[in-house]
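Remarks on the structure that follows.
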Amino acid sequence: MNLVLPLMPYREPTLLDGFAGIPRCLKEHGKSNCILVTDKGIRGLGLTKGLEDLLSEKGISCTVFDDTVANPTIANVEAAREIYIAKGCDSIIAFGGGSSMDCAKALGARIACPDKSLKKMKGIMKVRKKIPLLIAVPTTAGTGSETTVSAVITDGETHYKYAINSFPLIPEYAALEPEVTVGLPKSLTATTGMDALTHSVEAYIGGATTKKTRKAAIESVRLIFANLEKAYECPEDRTARANMLKASYLAGVAFTRSYVGYVHAVAHSLGGQYGIPHGLANSVLLPVVLEMYGEKAHKKLAELARAVGFANDEVFDGMAAEVFIDKIRQMNADMNIPRTLKGIKEDDIPLMAANADKEGNPLYPVPVLWDRKELEKIYRAVME
Ligand SMILES: NC(=O)c1ccc[n+]([C@@H]2O[C@H](COP(=O)([O-])OP(=O)(O)OC[C@H]3O[C@@H](n4cnc5c(N)ncnc54)[C@H](O)[C@@H]3O)[C@@H](O)[C@H]2O)c1
Ligand SMILES: [Fe+2]
């Protein structure tokens, strides 16, 4: 993987200068009729209004699709596709958290490949055609979806949640606008921030890093420990909000190239089965899974602990790794994130563990490879 990674056609979105850059960018590409994919909560808060007004002022027609649900489903994407076609749209604005951005990315994939179902796009590099012009505006910090190859979709009938990982899904443009994250409720600030931390930590401790992804992951971990609790305590701290958007973006840069690990595999199965929010599942699972990896993860976790200043070179790896995991637990506790998850049923565990196993093996370069029986222990460890 390490040999192949540098040869892969990764790219990063061009960053636009706030909302103002969006109509300019659409015009430069000759686009005049976009669809804005978001959810009702975001639109209801008026977050899209400034952009909708600006587009209208500049003579760009904008159809809003605000039916995205958390853990977006195949049905969601198909509904957006019908509207895109009916209105003759020519470009896509993804406006929201990971759910809206992923719905928009999957919509782009379906427009590019009308004869391929989303199920057939599951996995790596199944979408090979260029998707319509896509501009991402993240409102959580977050999933990093604005820079990743992934769109995570749930099959509403089977509750199976899976990722479509294809290079054309990397948005061409992104606008990191702290103002839209200022009203993010405290609990979502906390859990989406911990999702970003999970991305950088899982990418860093996995076996497929490069110099670039290690650097991005370390910078992201530093920014998160320095800013997440500030954004949580003081939601209007725009510097902390901007730093969290940067951290989430860098975590995206790291994990889209170096993958995630079992925290994500298990979180996806819980999201698919019970709709447990992705960030919440990751926050609770992260310290538990890191602890369960044991000695195999100590060296890398110790490196992170030292990079963030939690330990110095004289502290043994095992001790430094423990300090790092404790700091995560402490941050969770400070932000009122629970230690367990409600609603997990014993009878569902074997199927969820099988799905997590299917997702993780062989794709994720995890520090320790587990079988289904081992994975089942993780669900029991976080059951309320
Ligand atoms: N594509 C990727 O690379 C990637 C990476 C990680 C996670 N994901 C996926 O992203 C999804 C989770 O995304 P998320 O955690 O960003 O949450 P989300 O998009 O599901 O949003 C959660 C809630 O927060 C609200 N919200 C979002 N921004 C807000 C704001 N600024 N102010 C007020 N409310 C706001 C939304 O209305 C929604 O109710 C999951 O499906 C997960 O699997 C994708
Ligand atoms: Fe995630």
Side-chain angles (χ1 to χ4, degrees), residues 13 37-48 66-73 76-77 94-106 108-109 134 136-154 160-166 169-171 174 176-203 220 231 235-236 241 244-245 248-249 251-257 259-272 275-283 285-286 359 364:
V37 178
T38 188
D39 67 37
K40 289 222 162 34
I42 290 166
R43 190 145 190 244
L45 288 169
L47 294 180
T48 57
D66 64 1
D67 282 337
T68 310
V69 294
N71 301 314
T73 59
N76 248 192
V77 178
F95 196 115
S99 297
S100 298
M101 287 194 283
D102 286 2
C103 185
K105 290 163 85 171
L134 173 63
V137 185
T139 64
T140 61
T143 64
S145 182
E146 69 277 11
T147 186
T148 72
V149 296
S150 316
V152 189
I153 298 297
T154 298
Y160 181 49
K161 188 170 178 179
Y162 56 88
I164 300 168
N165 299 302
S166 291
L169 297 195
I170 302 173
L176 305 184
E177 181 51 78
E179 206 55 43
V180 294
T181 67
V182 163
L184 192 62
K186 277 187 142 192
S187 62
L188 281 169
T189 298
T191 52
T192 54
M194 292 306 285
D195 180 26
L197 182 67
T198 308
H199 295 152
S200 28
V201 173
E202 290 210 293
S220 158
E236 291 183 6
R241 292 289 190 185
M244 280 306 300
L245 275 174
S248 160
Y249 179 88
V253 167
F255 94 81
T256 202
R257 290 161 178 78
Y259 298 89
V260 279
Y262 282 132
V263 179
H264 267 80
V266 173
H268 287 155
S269 70
L270 289 165
I276 295 179
H278 179 71
L280 174 64
N282 277 340
S283 318
L285 288 163
L286 181 61
E359 176 175 333
Y364 296 163

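Only heavy atoms go into these numbers, but all of them, side chains included; no hydrogens, no water, no symmetry mates. Heads up: numbering here begins at 1 and tracks the sequence. Numbering of ligands and ligand atoms starts at 1, following listing order.
Rounding to the nearest 0.5 angstrom, the gap separating the OG1 atom in Thr38 from the CZ atom in Arg43 is 8.5 Å. Note that the CG atom of Leu197 and the OG atom of Ser248 stand 11.5 Å from one another [nearest 0.5 Å].
Ranking protein heavy atoms by distance to atom 44 (C) of ligand 1, first place goes to Asp102 OD2, 3.0 Å. Looking only at heavy atoms of the protein, atom 42 (C) of ligand 1 is closest to His278 CG, 3.4 Å. Closest protein heavy atom to atom 13 (O) of ligand 1: Gly98 N, 3.1 Å. The protein atom (non-hydrogen) at minimum distance from atom 20 (O) of ligand 1 is Ser99 OG, 2.6 Å. Atom 29 (C) of ligand 1 has its closest protein heavy atom at Leu184 CD1, 3.2 Å. Protein heavy atom nearest atom 22 (C) of ligand 1, with residue, atom name and distance: Leu188 CD2, 4.1 Å. Of the protein's non-hydrogen atoms, Thr192 CG2, 3.4 Å is the one closest to atom 15 (O) of ligand 1. Of the protein's non-hydrogen atoms, Thr139 OG1, 2.7 Å is the one closest to atom 28 (N) of ligand 1.
No part of Thr154 comes within 4.0 Å of ligand 1, judged by heavy-atom distances. Under 4.0 Å from ligand 1, the heavy atoms of Lys161 that appear belong solely to its side chain. Heavy atoms of His199 found under 4.0 angstrom from ligand 1 belong exclusively to the side chain. Of the heavy atoms in Phe255, only side-chain atoms (C-beta onward) come closer than 4.0 Å to ligand 1. No part of Pro277 comes within 4.0 Å of ligand 1, judged by heavy-atom distances. With a 4.0 Å heavy-atom cut-off, ligand 1 is reached by no atom of Thr256. When heavy-atom distances to ligand 1 are checked against a 4.0 Å cut-off, Thr143 comes that close through both its backbone and its side chain.
Listed by chain and number, Asp195 OD1, His199 NE2, His264 NE2, His278 NE2 are the protein N/O/S atoms closer than 2.8 Å to the Fe ion (ligand 2), with waters left out.
The contact set between ligand 1 and Leu45, taken as ligand atoms under 4.0 Å from a residue heavy atom, comprises 32 (N), 33 (C), 34 (N). Below 4.0 Å from some heavy atom of Thr148 lie the following atoms of ligand 1, by number and element: 1 (N), 2 (C), 3 (O). Every atom of ligand 1 with a heavy atom of Gly97 under 4.0 Å away is listed here by number and element: 16 (O), 19 (O). Contact atoms of ligand 1 toward Leu47: 30 (C), 31 (N), 32 (N) (distance under 4.0 Å to a heavy atom of the residue). Of all atoms in ligand 1, listed by their number and element, those nearer than 4.0 Å to a heavy atom of Asn71 are 40 (C), 41 (O). Close approach to Pro185 involves these atoms of ligand 1, each under 4.0 Å from a residue heavy atom: 33 (C), 34 (N). The atoms of ligand 1 that sit less than 4.0 Å from any heavy atom of Asp39 are 36 (C), 37 (O), 38 (C).
A donor and an acceptor atom, one from each side chain of Glu359 and Tyr162, are nowhere located under 3.5 Å apart. Looking at Thr140 and Thr192, their side chains never bring a donor and an acceptor atom within 3.5 Å of each other.
Put simply, atom 24 (O) of ligand 1 has protein non-hydrogen atoms near it, under 4.0 Å away.
Considering backbone and side-chain N/O of Ser100, none are found under 3.5 Å from N/O of ligand 1. By the 3.5 Å distance cut-off applied to N or O atoms, Val180 is counted among the residues near ligand 1.
Contact record, Ile170 with Thr147: CG2-O, 3.9 Å, taken as the closest heavy-atom pair. Taking all atoms of both residues into account, the shortest heavy-atom contact from Ala267 to Leu285 is N-CD1, 3.7 Å.
With Asp102 as the partner, the side chain to side chain contact (heavy atoms under 4.5 Å, CB included) test is satisfied by one option alone out of Val152, Leu169, Thr154: Val152.
Looking only at side-chain heavy atoms (C-beta outward), Ile42 and Thr48 come within less than 4.5 Å of each other.
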